[in-house]
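Next up is a structure, given as structure tokens.
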Amino acid sequence: SFTMNMYLFVYDLMQFCGHSWIFTNMIIRFMTFGKDSLADTFHSIGLVMRLCQLLSILEILHILIGIDKSRLLPRFLQITERIIVLFVVINSQEEVQGKYVVCVLFFLWNLLDVVRYTYNMLARMGIYYLPLTWLNFSLCIPLYPLSVLAKGFAICVSLPYFESFGTYSIKLPFPFTFSIYFPYVLKMYLLVLFMGMCFIIRNLFSERMAHLGTGNIKNKRS
């Protein structure tokens, strides 16, 4: 309906503004301060980044109630990956926040999202530019695996701090005879992360074929 379409347009616009601000801020800071800007990237843009990622949870709801026709599982995996790495790994360990990998990860995320939300906004109005369509469904194929590698590296960097500080590790009281050692949980999650990457890349290729196939390109040109 028109109301739902307007709601989705406003949602995409809000995300576009948030991610554009982050992306522009990162570029300006790097051009102004050089490498010195990388160490405090999280402190300068972390709040807006957390807000944008929390807001993205609505996309799962959009798919569940049927106003977004995207596939649920790939989108769910992509959103939960970011939530876990951002809130559980990076946000909880101040020592990790100053690592260069955080800046690389944020750059990849926001580059992808600026393109995606720009495409989505125009698509809500029935506007399709072939270069933007091509970029939206092509850029994610090389950049998503890079972002997964950055996530994995961020997790590996955080492991010594989780081991030292015991963050999220729980020793269960009697009568339970086991405890939850969080670094082991993160190591198991690394396997899940890379297994999910294979599934999502396959989905990205199928989406690209569906939107950039010869018939679809002709239809959008006409």
Side-chain angles (χ1 to χ4, degrees), residues 1-32 37 41-72 74-87 90-91 102-148 150-151 200 203-204 207-208 210-212 216 220:
S1 66
F2 176 78
T3 303
M4 288 294 98
N5 204 48
M6 281 302 300
Y7 160 75
L8 291 174
F9 177 84
V10 172
Y11 168 81
D12 291 330
L13 177 61
M14 291 174 61
Q15 288 282 38
F16 170 78
C17 291
H19 288 289
S20 296
W21 181 87
I22 296 171
F23 191 68
T24 305
N25 186 287
M26 290 181 67
I27 293 176
I28 292 175
R29 283 173 55 81
F30 183 76
M31 292 176 65
T32 305
S37 68
T41 294
F42 183 84
H43 297 287
S44 62
I45 64 173
L47 176 60
V48 180
M49 193 71 197
R50 291 193 293 270
L51 289 174
C52 287
Q53 295 309 314
L54 286 174
L55 191 62
S56 70
I57 297 175
L58 287 174
E59 296 179 25
I60 299 174
L61 179 62
H62 296 163
I63 298 173
L64 288 174
I65 64 178
I67 61 175
D68 187 341
K69 302 304 179 183
S70 302
R71 295 181 62 188
L72 176 60
R75 196 73 198 115
F76 175 80
L77 290 175
Q78 287 175 299
I79 291 173
T80 53
E81 285 174 7
R82 291 190 180 189
I83 294 294
I84 290 172
V85 172
L86 178 59
F87 287 92
I90 299 174
N91 191 62
V102 174
C103 183
V104 173
L105 190 57
F106 283 6
F107 181 85
L108 293 172
W109 283 356
N110 287 282
L111 176 57
L112 287 170
D113 284 340
V114 167
V115 173
R116 184 164 70 91
Y117 289 114
T118 302
Y119 171 83
N120 286 347
M121 281 193 300
L122 294 177
R124 307 293 179 200
M125 298 184 292
I127 300 173
Y128 297 93
Y129 291 111
L130 184 57
L132 181 60
T133 303
W134 183 90
L135 190 64
N136 181 61
F137 292 101
S138 301
L139 188 65
C140 55
I141 292 176
L143 292 193
Y144 175 72
L146 290 178
S147 72
V148 172
K151 293 172 196 172
I200 292 174
N203 181 72
L204 292 175
E207 283 188 345
R208 187 179 188 279
H211 288 83
L212 296 178
N216 288 315
K220 289 176 180 177

Inset, instruction - Would you confirm whether Ser20, through its side chain, and Cys17, through its main-chain N or O, come within 3.5 Å as a donor-acceptor pair? - result: no

Below 3.5 Å, can you tabulate the donor-acceptor pairs from side chains in residues 61-68 to any protein atom, sequence neighbours excluded?
unit_1 : atom_1 : unit_2 : atom_2 : d
His62  : NE2    : Tyr7   : OH     : 2.7
Asp68  : OD1    : Ser70  : N      : 3.0
Asp68  : OD1    : Ser70  : OG     : 2.9

Legend entry - Within-4.5 Å side-chain heavy-atom neighbours: Leu143 and Leu146: yes

Inset, instruction - Begin from the C-alpha positions of Phe9 and Asn5 and carry the test side chain to side chain contact (heavy atoms under 4.5 Å, CB included) through to its verdict. - result: CA-CA 6 Å; Phe9 177 84; Asn5 204 48; over 6 Å; no

Legend entry - Atom pair CD1 (Ile127) and OG1 (Thr133), whose distance is rounded to the nearest 0.5 Å: 11.5 Å

Legend entry - Tyr11 side chain to Glu59 side chain, donor-acceptor N/O pair below 3.5 angstrom: yes

Legend entry - Met125 atom CE: more than 12 heavy-atom contacts under 6.0 Å: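 Yes, because the 6.0 Å sphere around CE of Met125 holds more than 12 heavy atoms from other groups.
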
Legend entry - Inter-residue atom distance Phe76.CZ - Ile200.CD1, 0.5 Å rounding: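 If we round to the nearest 0.5 Å, Phe76:CZ and Ile200:CD1 are 11.0 Å apart.
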
Inset, instruction - Look up atom CG in Leu139 and atom CG in Leu204, then write down how far apart they are to the nearest 0.5 Å. - result: 11.0 Å

Inset, instruction - Check for a donor-acceptor pair, side chain of Ser138 on one end and backbone N or O of Leu135 on the other, with a separation under 3.5 Å. - result: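 Answer holds: no.
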
Inset, instruction - Look only at the side chain of Asn110 and the backbone of Ile22, and say whether a donor-acceptor pair between them is shorter than 3.5 Å. - result: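 No, because the side chain of Asn110 does not come within donor-acceptor range (under 3.5 Å) of the backbone of Ile22.
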
Legend entry - Heavy-atom pair of closest approach, residues Met26 and Phe107: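 Here Met26 and Phe107 meet closest at CE-N, 3.7 Å.
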
Inset, instruction - Taking Ser44 for its side chain and Thr41 for its backbone only, find out whether a donor-acceptor pair lies under 3.5 Å. - result: yes

Legend entry - Minimum-distance pair of heavy atoms, taken over all atoms of Trp134 and Arg208: NE1-NH2, 3.1 Å

Inset, instruction - Identify the two heavy atoms, one from Leu112 and one from Cys140, that lie closest to each other, and give their separation to 0.1 Å. - result: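 Smallest heavy-atom distance, with atoms named: CD2-CA, 3.5 Å.
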
Inset, instruction - I would like to know whether Tyr144 and Gln78 meet side chain to side chain contact (heavy atoms under 4.5 Å, CB included); could you show each step before the answer? - result: CA-CA 10 Å; Tyr144 175 72; Gln78 287 175 299; 4.2 Å; yes

Legend entry - Contacts of Leu132 that satisfy side chain to side chain contact (heavy atoms under 4.5 Å, CB included) - sequence neighbours left out: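 Residues passing side chain to side chain contact (heavy atoms under 4.5 Å, CB included) with Leu132: Val115, Thr118, Tyr119, Leu122, Tyr129.
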
Legend entry - Beyond-backbone contact of Arg116 with Phe16, side-chain heavy atoms, under 4.5 angstrom: no

Taking distance alone, no hydrogens or angles, what donor-acceptor pairs closer than 3.5 Å link side-chain atoms of residues 46-56 to residues at least two apart or in another chain?
unit_1 : atom_1 : unit_2 : atom_2 : d
Arg50  : NH1    : Asn91  : OD1    : 3.3
Ser56  : OG     : Gln53  : O      : 2.5

Inset, instruction - Any chance you could measure Leu13, atom CG, to Met121, atom CE, to the nearest 0.5 Å? - result: 5.5 Å

Legend entry - Rounded distance [0.5 Å steps], CZ in Phe106 versus NE2 in His19: 11.0 Å

Legend entry - Nearest-0.5 Å distance that lies between atom CD in Glu81 and atom CG in Leu86: 13.0 Å

